[in-house]
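Written below as structure tokens is the structure these notes are about.
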Amino acid sequence: TIEGVVNYDAEGLHIGGGYSKTEDVAGNDVVKGFSIGAFYITGPIGLGLAYENSDRAGLGKRDQVTATAMYTVGANEFH
């Protein structure tokens with residue numbers, strides 16, 4: 001298994017990315033993929049977007065995009 005992750009934070013901006021590859025004992029790829037995402041917070045509002053690409057033996061290739069939003073009131077978060 002090979003994995004790597006990178007994160008970066010600057011004030012309200014949070015960015016991250018990762019890569020993963022797993023092989024079976026014969027050296028064949030079983031799972032491999034990467035992802036990248038960002039989340040930005042300004043005041044009580046947070047907005048995020050992520051992209052994932054994966055290829056899994058038996059299940060095939062997949063691309064996925066996810067968007068998220070958050071609103072805070074005191075210690076409460078609404079997603």
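Worth knowing before you read on, the calculation uses all heavy atoms, side chains too, and leaves out hydrogens, waters and symmetry mates. Everything numeric in this text was worked out from a predicted model, so none of it was measured.
- Residue pairs meeting the side-chain hydrogen bond (donor to acceptor under 3.5 Å, both in side chains) criterion with at least one member in residues 33-43, sequence neighbours excluded, do not occur.
- Y71 is linked by a ring-ring contact (aromatic ring centres under 6.0 Å, His included) to nothing, counting only residues two or more places apart in sequence or in another chain.
- Under the side chain to side chain contact (heavy atoms under 4.5 Å, CB included) criterion, L49 pairs with V65, A67, not counting sequence neighbours.
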What pairs of donor and acceptor atoms, side-chain ones from residues 72-79 against any protein atom, are under 3.5 angstrom apart with sequence neighbours left out?
| residue | atom | partner | partner atom | Å |
| --- | --- | --- | --- | --- |
| T72 | OG1 | P44 | O | 3.4 |
| N76 | ND2 | V73 | O | 3.4 |
| E77 | OE1 | H79 | NE2 | 3.0 |

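- Using a 4.5 Å cut-off between side-chain heavy atoms of Ile, Leu, Val, Met, Phe, Trp and Tyr, F39 falls into a hydrophobic cluster with I41, M70.
- The ring-ring contact (aromatic ring centres under 6.0 Å, His included) test applied to Y19 returns no partner, not counting sequence neighbours.
- For D24, the side chain to side chain contact (heavy atoms under 4.5 Å, CB included) partners at least two apart in sequence or on another chain are A26, N28, V30.
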Compile the donor-acceptor pairs under 3.5 Å between side chains in residues 4-16 and protein atoms, sequence neighbours left out, one pair per line.
| residue | atom | partner | partner atom | Å |
| --- | --- | --- | --- | --- |
| D9 | OD1 | H14 | ND1 | 2.6 |

Return a table of donor-acceptor pairs under 3.5 angstrom between the side chains of residues 52-61 and protein atoms on other chains or two or more places apart.
| residue | atom | partner | partner atom | Å |
| --- | --- | --- | --- | --- |
| E52 | OE2 | R62 | NH2 | 3.1 |
| N53 | ND2 | D63 | OD1 | 2.7 |

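- With sequence neighbours excluded, the residues forming a side chain to side chain contact (heavy atoms under 4.5 Å, CB included) with T1 are E3, T22, listed by chain and number.
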